[in-house]
There are 2 protein chains.
Amino acid sequence: MTTGSADKSGKSPRGRAAAVGLSKNQVVAAAVAQIDEKGLAAFSLRELARSLGVSPAVIYWHVGGTKEDLFAEISASITGSLSGSLDAGMPWDARLRQVFRNYRTLVHRHPAVAPLLGAQMKSNGVANLDWVETILSALHDGGYRGDALRPAFNVLVGGLAGFVTMELAPPPVGKPDSAGKGWEDLFAERVAQIDPEVYPLTSAALPDITNRIFVLRWQNGADVSYGDSFELLLDLLIEGLKARAPAVSS
Amino acid sequence: MTTGSADKSGKSPRGRAAAVGLSKNQVVAAAVAQIDEKGLAAFSLRELARSLGVSPAVIYWHVGGTKEDLFAEISASITGSLSGSLDAGMPWDARLRQVFRNYRTLVHRHPAVAPLLGAQMKSNGVANLDWVETILSALHDGGYRGDALRPAFNVLVGGLAGFVTMELAPPPVGKPDSAGKGWEDLFAERVAQIDPEVYPLTSAALPDITNRIFVLRWQNGADVSYGDSFELLLDLLIEGLKARAPAVSS
DNA sequence: TTCCCAATTGAACGATGTTCTATAAGGGAT
DNA sequence: ATCCCTTATAGAACATCGTTCAATTGGGAA
């Protein structure tokens, strides 16, 4: 296919092969698909080009700049669907809940891209301006203006987006130990060393706690529902902000 | 120096040069220093070896395994100093505050390593077991036991550690636009397109909000104090957890 | 037809993570 | 003192990666 035109000379043929091939959007979409499939760490421009049946240089032609620019483009393309579709008639706290629930479900659709999206949200760039505006407008309606606006905004974005980023971070892959010991053994060893004199745990509490740690350890990265925890976090933050909202004078 | 022993044969000399050179701890410490200095993205094993005046293979000998194992070792070495030094006589909520304040100041000492530490905290591995135990014990004393323990733990670790990770994430470096436009221009364009009909902002609110966005955008990554926001987040979470603590029966 | 520009190619450069074999220094046993 | 084994290093090699660049071509405009 690609090498269909046989060339008698030793020189390999160069130049354009097909009609008008790729578009920038196609490149970005293919990149997202590949990250979703193989993970962010395993993503490479060359393999992206390979999967598109194209030379690596093509990526650079369509997406000007470097790999990080591709990442920015990816973030923008995903978070672009975040704006709009919000009933402005709702009370401000309900609006905030919905904004961040939307954010979470959106990010959950591309778990491997989560770190990129987190960084994007933090940077408050142009791509997510709608999103930022929605949050700021809700906080404004809730009485958070002037100097009070900024900490409230940071708390919501940092806390909630940070939560989602951590929630979706892949568990470490590496070896548990230089020997053949697995996490279980190491954990058991560690628990055996717990000195009730040092740790302020009643002997009744200890088994419960260590058991809980076990559960925590093993359910992380699995299909544990962080959803309940997210809802609790949302509740604590928004109810708290509501409770201590500055009085609106004007 | 390194090639001091002249070798007449064409073969280059190999093998040990000095007495008993490096230790694993030295390698890890040098890696931390280098990440602190040049950033996590620019860190490479080869340059680490170069800065130690040593062959790349030496790193693999001292730190068995791969680059990620080195990262795990780094995380462990930093968060190792997180345990202990906590007055068990304090009320549980004060203990929680102190634990997470300690975490934040510790991570702030190595901002470039923050992503690694965040992942470590999420994984609840062996290295930070003391830390986890302290949090769980405080929550236990606060009445969070059984099924109530896990969401509370997730909220604290996910929210607060996630906040710190996001807070310290480096701002994106890339180009603002394919043209020569900077962030400012793009932002001005975007603001000019805001349709007051679409966005539920009073004309009085709009300038305030856009102004705030500007401030947010430009102060991120600079020396803005996220400390106040962190304290607010801490307050919201812990006061909230205190307010809705389950009643302790036993 | 001629010319220009969008789109693509292959090759190349330097750097990286990782593995492998060779090798030298030191200590312990004989 | 000699031999040997373990420890700690060197250097080379391999595959891959991000990025750049000159060369090339097809299609549309003039």
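A note on names: the letters A, B, ... follow the listed sequences, proteins ahead of strands, and every chain is numbered from 1.
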Taken to the nearest whole Å, OH/B:Tyr60 to C1'/D:dC14 is 13 Å
note: B:Leu45, atom CG; C:dT16, atom P; distance rounded to Å ~ 10 Å
Practice item. May I ask you to evaluate whether A:His62 reaches the phosphate of C:dT8, defined as a side-chain N or O under 4.0 Å from OP1 or OP2? Key: yes
Side chain to side chain donor-acceptor pair (under 3.5 Å) pairs touching residues 52-65 of chain A, sequence neighbours excluded, are none
Residue set satisfying ring pair (Phe, Tyr, Trp, His ring centres under 6.0 Å) with A:Phe100, at least two apart, ordered chain then number -> A:Trp131
On a heavy-atom basis, the closest approach of A:Asn154 and B:Phe163 is O-CE1, 3.6 Å
Out of C:dT18, D:dA8, C:dA7, minimum distance to the side chain of A:Trp61 belongs to C:dA7
Assign B:Ser44 to base, sugar-phosphate, or nothing according to its heavy-atom contacts below 4.0 angstrom with the strands shown. sugar-phosphate
When rounded to whole Å, the CD to C1' distance for the pair B:Glu47 and C:dG14 reads 13 Å
Closest to the side chain of A:Arg50, out of C:dT9, D:dC17, D:dT19, is D:dC17
Atom CZ of A:Arg46 and atom C1' of C:dA15 are separated, to the nearest Å, by 12 Å
From NZ of B:Lys38 across to P of C:dT16 the rounded distance in Å is 10 Å
Measuring only between side-chain heavy atoms, which start at C-beta, is B:Leu96 closer than 4.5 Å to B:Leu237?
no
From CD1 of B:Ile59 across to P of D:dA8 the rounded distance in Å is 14 Å
The nucleotide from C:dT8, C:dT16, C:dG10 with an atom nearest the side chain of A:Ala57 is C:dG10
From NZ of B:Lys67 across to P of C:dG17 the rounded distance in Å is 4 Å
- Item | N or O in side chain of B:Thr66 less than 4.0 angstrom from C:dT18 OP1/OP2 | yes
Atom CG of A:Leu48 and atom P of D:dC17 are separated, to the nearest Å, by 11 Å
Beyond-backbone contact of B:Leu48 with B:Val27, side-chain heavy atoms, under 4.5 angstrom:
yes
Result for 5'-nearest mapping on DNA chain C, choosing between B:Ala42 and A:Pro56, is A:Pro56
